[in-house]
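Computed from a predicted model, the values in this text were never measured in an experiment.
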Amino acid sequence: MENFKIKINTFIDFGKCWIQDFIAACSLLTVLNISYMWDNKTERPLAFSVRAFPIVGWCIGFVMGCVLKLTYSINLEISLSTIFAILSGILLTRGFHEDGLADTVDGLIGGNNKEHKLMIMKDSRIGTYGTLALIFSVIIKIFTLISLSVDQGFWLLILTQGMSRSCLPWFMYKMTLAKESGLAFHFGKPCFYSTVWSLSLGLGAILFIMGIKVFIVVSILTFAWYHIFSLYVKKQIGGYTGDILGAFQQTNEILILIFLAYGA
């Protein structure tokens, strides 16, 4: 009986940790600051919450998919429904990763050296390169989703939003920080355990819904892009920042979306 109670308590503690990590991840990645919902005297390091990143991504994708279906059901054109779906995602995340993409492109292309690049990335103002990056990013997403049926778009939004965020912990775990300040520095480095959990959830969803062949290709595509992008970033500024993570999420999302739409 005593062993049974121990197992039950262990299971409860396991569930509490996951709930706490999800709340922390949701408060970080979305506009919904729900951290007040969890009052626990034992504070977990924020970096542990990365294992819940794909779950938050699925929730974001689900909201976007519902907006797509709802607006299409009231006889809006598929193009307008797609625009509203993407807009809902941007509003829900307050353009968190899009901002990172714009700052990264501005800094890496517009800067002359590491210090200059980091200074541009820290500037809250958006430049020409960043503006163009955002425009092309949104256009690619819209035209890719328009080519699909509403049901296909619904599931692809869920999968891509989850998968693109599940890779962020791996990027943080493997790469060094470019500077000892900013959100990425204060967030901390995730442990191997949380990193594996995040990747397993993201890739597991692809495997479960799309099958083994798509799972293999998405895995290869994701890790290939990680190596290409990380090598370029390391050469430019020596490591990653919060903006770099946002740019990686956005570019990875586009790559996975295009493959699932046309190659799967």
Does [X] have any side-chain hydrogen bond (donor to acceptor under 3.5 Å, both in side chains) partners at least two apart in sequence or in another chain, and if so, which?
X: Ser147; result: Tyr262
X: Thr176; result: none
X: Thr251; result: Trp225

Between [X] and [Y], is there a donor-acceptor pair closer than 3.5 Å when you use the side chain of the first and the backbone of the second?
X: Ser194; Y: Pro190; value: no
X: Gln152; Y: Ser149; value: yes
X: Lys117; Y: Gly111; value: yes
X: Ser88; Y: Val67; value: no
X: Thr30; Y: Ser27; value: no

Can you confirm whether [X] is buried at [atom1], in the sense that more than 12 heavy atoms of other residues, nucleotides or ligands lie under 6.0 Å from that atom?
X: Phe84; atom1: CZ; result: no
X: Phe229; atom1: CZ; result: yes
X: Phe136; atom1: CZ; result: no

With a 4.5 Å cut-off on side-chain heavy-atom distances among I, L, V, M, F, W and Y, is there a chain of contacts connecting [X] to [Y]?
X: Tyr129; Y: Leu108; result: no
X: Leu159; Y: Ile220; result: yes
X: Ile139; Y: Leu145; result: no
X: Leu132; Y: Ile142; result: no
X: Val233; Y: Met119; result: no

For residues [X] and [Y], determine if any side-chain heavy atom of one lies less than 4.5 Å from a side-chain heavy atom of the other.
X: Gln236; Y: Asn113; answer: no
X: Trp155; Y: Ile158; answer: yes
X: Gln249; Y: Glu98; answer: no
X: Ile83; Y: Val138; answer: no
X: Leu231; Y: Lys235; answer: no
X: Asp243; Y: Asp99; answer: yes
X: Gln161; Y: Val56; answer: no
X: Ser219; Y: Leu203; answer: yes

Minimum heavy-atom distance [X]-[Y], with the two atoms named:
X: Asp106; Y: Gly127; value: OD2-N, 2.7 Å
X: Arg51; Y: Leu201; value: O-CD1, 3.5 Å
X: Ser200; Y: Val196; value: OG-O, 2.7 Å
X: Val105; Y: Ala133; value: CG2-CB, 3.7 Å
X: Tyr173; Y: Lys189; value: O-NZ, 3.7 Å
X: Leu101; Y: Leu134; value: CD2-CD2, 4.3 Å

Could you go through the side chain to side chain contact (heavy atoms under 4.5 Å, CB included) check for Ile254 and Thr144 one step at a time?
CA-CA 9 Å; Ile254 290 173; Thr144 303; over 6 Å; no
Between atom [atom1] of [X] and atom [atom2] of [Y], what is the distance when rounded to the nearest 0.5 Å?
X: Leu255; Y: Thr222; atom1: CG; atom2: OG1; result: 8.0 Å
X: Arg125; Y: Asp103; atom1: CZ; atom2: CG; result: 11.5 Å
X: Ile90; Y: Leu92; atom1: CD1; atom2: CG; result: 11.0 Å
X: Ile86; Y: Leu91; atom1: CD1; atom2: CG; result: 12.0 Å
X: Tyr240; Y: Met172; atom1: OH; atom2: CE; result: 4.5 Å
X: Phe62; Y: Leu157; atom1: CZ; atom2: CG; result: 12.0 Å

Can you pull the side chain to side chain donor-acceptor pair (under 3.5 Å) pairs that have at least one residue in residues 61-80, sequence neighbours excluded?
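Residue pairs with at least one partner in residues 61-80: Lys69-Asp151, Thr71-Ser81.
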Tell me every residue that passes ring-ring contact (aromatic ring centres under 6.0 Å, His included) with Phe223, counting only those two or more places apart in sequence or in another chain.
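Here the qualifying residues are Trp170.
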Take Leu177 and Thr241, measure what side chain to side chain contact (heavy atoms under 4.5 Å, CB included) needs, and give me the verdict at the end.
CA-CA 6 Å; Leu177 282 160; Thr241 65; over 6 Å; no
Listed partners of Lys114 passing salt bridge (charged side-chain N to carboxylate O under 4.0 Å, His left out), at least two apart
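Residues passing salt bridge (charged side-chain N to carboxylate O under 4.0 Å, His left out) with Lys114: none at all.
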Assess whether side chain to side chain contact (heavy atoms under 4.5 Å, CB included) is satisfied between Thr104 and Phe248, documenting all intermediate values.
CA-CA 10 Å; Thr104 296; Phe248 181 68; over 6 Å; no
Over 60° means perpendicular and under 30° means parallel, so tell me whether Tyr226 and Phe171 are parallel, tilted or perpendicular.
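Judged by the thresholds at 30° and 60°, the geometry between Tyr226 and Phe171 is perpendicular.
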Assess whether side chain to side chain donor-acceptor pair (under 3.5 Å) is satisfied between Glu253 and Thr160, documenting all intermediate values.
CA-CA 6 Å; Glu253 176 189 333; Thr160 54; 5.0 Å; no
Assess the residue pair Val150 and Ile78 against the criterion (side chain to side chain contact (heavy atoms under 4.5 Å, CB included)); give the C-alpha distance rounded to whole Å, side-chain angles, the decisive distance to 0.1 Å, and a yes or no.
CA-CA 8 Å; Val150 174; Ile78 186 65; 3.7 Å; yes
